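Keep in mind that what you see is a predicted model, and the values were worked out from it rather than measured. Proteins come first, then strands; the chains are lettered A, B, ... in the order of their sequence lines, and each starts at number 1.
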Protein chains: 2
Amino acid sequence: MSVFHPPGSIKAQSHLPGEKLSLELADFYKVFGDFSRIRILFALLDNELYVNELAELLSMSQSAVSHQLRILRQNKLVRVRKDGKTSLYSLDDDHVYRILTEGLEHLSH
Amino acid sequence: MSVFHPPGSIKAQSHLPGEKLSLELADFYKVFGDFSRIRILFALLDNELYVNELAELLSMSQSAVSHQLRILRQNKLVRVRKDGKTSLYSLDDDHVYRILTEGLEHLSH
DNA sequence: TATACATATGTACATATGTACATATGTATA
DNA sequence: TATACATATGTACATATGTACATATGTATA
């Protein structure tokens, strides 16, 4: 996977992403780091769902679901499609799908 | 990326991973969701480093680094190799590398 | 065995964060 | 315009979590 430098060389510095990027990445992963949001993401893995459907499916209050959807929206993990007075949510792009898959693989060793 | 069911069908339930797995996944991603840990992981991306090297490189206290390394160890993101009174840390496996890469890709749209 | 040194860890505390509760916003229908 | 309804959001609060500080643990050398 990568070439190792002799220990002690501290060559890593050159590869370190900037502080700003590291912070953005951490914030990005933080979004995945919550039980409710993970369940919402999995529910949307192959379905477009309404807010109330998500709430019912996951036994969460409508408020809690909306709050988490907001975070998912702001971080571009999900997309909304307005349909009259309802809102249809779906995953935003394939990265989300792949990251979830990688995580599952890691857990199953 | 996936086949959409008509909205309202709530077919998602069948695909939902169990609560236990969802919790484990969330905990796994939570590990990536911290500035200090992300920087440690990037520093180890292509180097095996001592604790004190990490501390110096990232301008963190030895204590803070050790605490975070412990979390990374427990979640199998890094590996330790004892070398006398020092400890050499490296990434545990390729999933870690790939997950970091996916995240970077997502951020750059 | 005594000492120096690298790393690990216990504890306290400040801050971050998820959720409940209440209410605002926006849309369709009469 | 009034009403019903779905969703979004403000706020408070309990809990989770990262770090500083102090100290324990483990190893090499004299």
Residue-phosphate contact under 4.0 Å: [X] side-chain N/O, [N] OP1/OP2:
{"X": "A:Y89", "N": "D:dA6", "answer": "no"}
{"X": "A:S61", "N": "C:dA20", "answer": "yes"}
{"X": "A:K82", "N": "C:dT27", "answer": "no"}

Return yes if some donor-acceptor pair links the side-chain N/O of [X] with the main-chain N/O of [Y] below 3.5 Å, else return no.
{"X": "A:D34", "Y": "A:R37", "answer": "yes"}
{"X": "A:Y29", "Y": "B:G103", "answer": "yes"}
{"X": "B:S66", "Y": "B:S63", "answer": "no"}

Review point. Going by heavy atoms in the side chains, are A:L41 and A:V78 under 4.5 Å from each other?
Key: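 A side-chain contact under 4.5 Å exists here.
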Exercise for review: Flag the pair A:L58 / A:V65 as yes when at least one side-chain heavy-atom distance between them is below 4.5 Å, and no otherwise.
Suggested key: no
Out of [options], whichever nucleotide has its closest atom nearest the side chain of [X]:
{"X": "B:R70", "options": "D:dT7, C:dG10, C:dT17", "answer": "C:dG10"}
{"X": "A:A64", "options": "D:dC21, C:dT19, C:dA8", "answer": "C:dT19"}
{"X": "A:K85", "options": "C:dA6, D:dC21, D:dA4", "answer": "D:dA4"}
{"X": "B:H67", "options": "D:dA20, C:dA8, C:dT19", "answer": "D:dA20"}

Exercise for review: In plain terms, say whether B:R98 and B:E102 are close enough for a salt bridge, that is, a side-chain N and a carboxylate O under 4.0 Å apart.
Suggested key: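 Looking at B:E102 together with B:R98, the answer is no, because their closest N to O distance does not fall below 4.0 Å.
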Exercise for review: Give A:S66 one of three labels, base, sugar-phosphate or nothing, depending on what nucleic acid heavy atoms sit under 4.0 Å from its own.
Suggested key: base
Review point. So what does A:S87 touch, heavy atoms closer than 4.0 Å: a base, only the sugar-phosphate, or nothing?
Key: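 Touches sugar-phosphate only.
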Length of the [atom1]-[atom2] vector between [X] and [N], whole Å:
{"X": "A:L72", "N": "C:dG18", "atom1": "CG", "atom2": "C1'", "answer": "13 Å"}
{"X": "B:D34", "N": "D:dA16", "atom1": "CG", "atom2": "C1'", "answer": "13 Å"}
{"X": "A:M60", "N": "C:dC21", "atom1": "CE", "atom2": "P", "answer": "14 Å"}
{"X": "A:Y50", "N": "C:dG26", "atom1": "OH", "atom2": "P", "answer": "20 Å"}
{"X": "B:R81", "N": "C:dA6", "atom1": "CZ", "atom2": "C1'", "answer": "16 Å"}
{"X": "A:D27", "N": "D:dG18", "atom1": "CG", "atom2": "P", "answer": "13 Å"}
{"X": "B:Y29", "N": "D:dT17", "atom1": "OH", "atom2": "C1'", "answer": "21 Å"}
{"X": "A:L69", "N": "C:dG18", "atom1": "CG", "atom2": "C1'", "answer": "14 Å"}

Exercise for review: Counting Watson-Crick and G-U wobble pairs only, both distances under 3.5 Å, name the nucleotide matched with C:dT15, or none.
Suggested key: D:dA16
Point to revise | Assigned partner base of D:dA28, Watson-Crick or wobble definition, under 3.5 Å | key: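 Across all strands, the one nucleotide that pairs with D:dA28 is C:dT3.
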Review point. Does the D:dT7 base have a donor-acceptor partner in the side chain of A:T86 within less than 3.5 Å?
Key: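 No.
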**Study point:** Base of D:dA6 paired with side chain of A:Q62 (donor-acceptor, under 3.5 Å)
**Key:**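 Flag unset: no donor-acceptor pair detected.
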Review point. Of A:S36 and B:N52, whose nearest nucleotide on DNA chain C comes first from the 5' end?
Key: B:N52
